[in-house]
Amino acid sequence: MAISRLVLGPLSPLLRFSLTSTKLTPKLHSRRYRFFSIRAAMASSPARKVLVPVANGTEPLEAVITIDVLRRAGADVTVASVENHLRVDAAHQIKIVADSLISDCEDTVFDLVALPGGMPGATNFRDCAVLENIVKKQAADGRLYAAICASPAVVLGSWGLLKGLKATCYPSFMEQLGTTATAVESRVQIDGQVVTSRGPGTTLEFAVALVGQLYGKEKADEVSAPLLLRSNHGSEYTIAEYNQEKWTFGDGPRILVPVANGTEEMEAVMIIDILRRAKGKVVVASVEDKLEILASRKVKLEADLLLDEAAEQSYDLIVLPGGLGGAEAFAKSEKLINLLKNQRESNKPYGAICASPALVLEPHGLLKDKKATAFPALCDKLSDKSEIENRVVVDGNLITSRGPGTTMEFSLAIVEKLFGRDMAVQLGKTMVFISNKCHSSILTVSVSLS
């Protein structure tokens with residue numbers, strides 16, 4: 001389903017139905033009238049306050065993409081920990097530092113509360129009385145609330161906030177969802193003031209739909225264009241591959257993912273999340289002088305090690321996320337550049353996405369005689385522009401990609417190079433990035449230039 005069909009304008013056919021249907025219960029009918037009144041009021045005010053709670057066990061990809069995209073739209077997003085400390089240990093050993101504790105948010109009026117999923121993150125949300133009160137008040141006041149993955153069933157459903165509504169969730173929770181809502185298999189489902197979605201692989205669609213609900217379709221289109229979203233959601237990914245080589249590794253693979261202030265957080269988190277799902281031994285290393293970095297959309301992430309310590313080890317693969325400030329920091333790091341040059345000289349795999357191919361690899365000679373792509377606005381800096389329109393390009397031991405909306409394809413392509421196509425496709429299906437209706441097929445285009 002295309003994003004343009006998911007994002008509702010100020011008075012969509014679905015909303016018009018919600019307002020006029022005689023089959024609605026009086027309580028639900030009243031709630032939807034309040035929602036319409038609030039939407040009309042929001043249209044005259046530029047400020048949009050959003051709450052995104054996080055917990056130990058939260059799916060980091062879902063949390064960070066949602067925060068990132070909403071902040072791109074100009075929303076004032078508060079990331080609130082439901083734990084008793086700001087730093088949460090999200091799933092896949094990713095550490096997120098919240099802006100505040102949930103107890104600090106009790107008296108704030110939000111235009112939207114959006115719950116990421118993940119287990120046990122969703123159960124931690126469900127068991128948080130403060131968050132329950134906030135979301136129930138949000139529903140009672142006719143304001144937007146949303147959830148993805150396990151949270152529609154585990155949280156909203158258990159709180160009775162989906163009665164009489166259509167909703168979707170992660171496939172293995174659909175049966176549970178069906179006891180509290182009308183369960184549908186949409187990648188994103190909007191019913192009145194509630195938005196739900198299926199899982200990690202639908203989060204970008206979910207986040208753009210939330211922008212549409214807050215600001216309208218024009219803003220959603222404006223935000224989604226530079227994200228480079230796929231038009232064929234649910235389909236298998238493709239790779240343009242040249243000079244095909246088998247990527248080998250010993251006990252591992254050991255993978256280095258550097259981060260810096262200004263790193264694009266959704267790219268970093270998707271890469272780390274997906275490669276750890278594939279059982280890669282991922283080391284997240286800060287090129288700054290402390291572990292905590294402030295990413296491009298002000299998400300605070302905590303690395304595993306400083307680069308100085310991480311550089312004492314060898315890696316089967318080094319992967320650079322993008323983000324303008326982050327790429328500039330990478331390019332200035334002599335230690336990181338030396339690691340990358342040694343990687344190339346040893347014929348070991350390395351890769352980059354978004355700004356990093358153009359601002360890090362190209363000026364340091366790491367794209368010499370290689371096909372590559374990068375973020376569209378920076379592709380003029382590449383010496384070889386012949387393959388820049390491809391979403392993922394592999395040339396021997398080098399892999400590059402374009403931007404936030406291509407990161408999942410980029411990460412799955414890395415999984416394919418390390419572990420094979422079947423594992424990558426299965427992982428894509430588990431994350432609901434690839435539809436289970438898709439049959440695995442080899443969609444890599446391989447060309448030998450030797």
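Since the model is a prediction, treat every value here as computed from it, not as a measurement.
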Considering only heavy atoms from C-beta outward, does the side chain of [X] approach that of [Y] to under 4.5 Å?
| X | Y | answer |
| --- | --- | --- |
| Tyr145 | Val194 | yes |
| Ile272 | His92 | no |
| Tyr237 | Ile434 | yes |

Whether the Ser186 and Thr168 side chains hold a donor-acceptor pair (N or O, under 3.5 Å, no angle test) is what I'd like checked.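 Ser186 vs Thr168: no donor-acceptor pair found between side chains.
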Return yes when atom [atom1] of [X] has more than 12 non-hydrogen atoms of other residues, nucleotides or ligands closer than 6.0 Å, and no otherwise.
| X | atom1 | answer |
| --- | --- | --- |
| Glu106 | CD | yes |
| Lys300 | NZ | yes |
| Asn232 | CG | yes |

Sequence neighbours left out, what passes side-chain hydrogen bond (donor to acceptor under 3.5 Å, both in side chains) with [X]? Give chain and number order.
| X | value |
| --- | --- |
| Asn124 | none |
| Glu62 | none |
| Tyr170 | none |
| Asp316 | none |

Keeping the roles fixed (side chain from [X], backbone from [Y]), state whether a donor-acceptor pair exists under 3.5 Å.
| X | Y | answer |
| --- | --- | --- |
| Ser356 | Ala352 | no |
| Arg230 | Ser235 | yes |
| Arg391 | Leu228 | yes |
| Arg187 | His233 | no |
| Asn261 | Leu294 | yes |
| Gln193 | Asp141 | no |

I need the full list of side chain to side chain donor-acceptor pair (under 3.5 Å) pairs touching residues 65-78, with sequence neighbours left out, sorted by first then second residue.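 Output for this query lists Lys49-Asp76, Asp68-Arg72, Arg71-Asp99, Arg72-Glu264.
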Apply salt bridge (charged side-chain N to carboxylate O under 4.0 Å, His left out) to Glu132 and list each qualifying residue two or more places apart in sequence or on a separate chain.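 For Glu132, the residues satisfying salt bridge (charged side-chain N to carboxylate O under 4.0 Å, His left out) (neighbours in sequence not counted) are Lys136.
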Applying salt bridge (charged side-chain N to carboxylate O under 4.0 Å, His left out), name anything that partners Arg402, two or more places apart in sequence or on another chain.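 Expected list: Glu389.
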Are the charged groups of Arg421 and Glu236 less than 4.0 angstrom apart, N to O?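 Yes, this pair counts.
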Got a salt bridge between Arg87 and Glu292, using NZ or NE/NH1/NH2 to carboxylate O under 4.0 Å?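 No salt bridge links Arg87 with Glu292.
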Might you point out which heavy atoms bring Ser401 and Thr406 nearest each other, and give the distance in Å?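 It is OG-OG1, 2.7 Å.
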Closest approach of Phe410 and Gly351, non-hydrogen atoms and distance?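 Closest approach of Phe410 to Gly351, heavy atoms only: CZ-C, 4.4 Å.
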[X]: side-chain contact (heavy atoms from CB on, under 4.5 Å) partners, not counting sequence neighbours:
| X | value |
| --- | --- |
| Leu306 | Ser286, Leu291 |
| Glu222 | Lys219 |
| Ala295 | Glu265, Ile293 |
| Asn133 | none |

Could you give the distance from CD1 (Ile353) to CG (Leu320), rounded to the nearest 0.5 Å?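 Taking CD1 in Ile353 and CG in Leu320, the distance rounds to 10.5 Å.
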Which ring-ring contact (aromatic ring centres under 6.0 Å, His included) pairs, counting each pair once, include a residue from residues 253-296, with sequence neighbours left out?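 Passing the test, one end in residues 253-296: no pairs.
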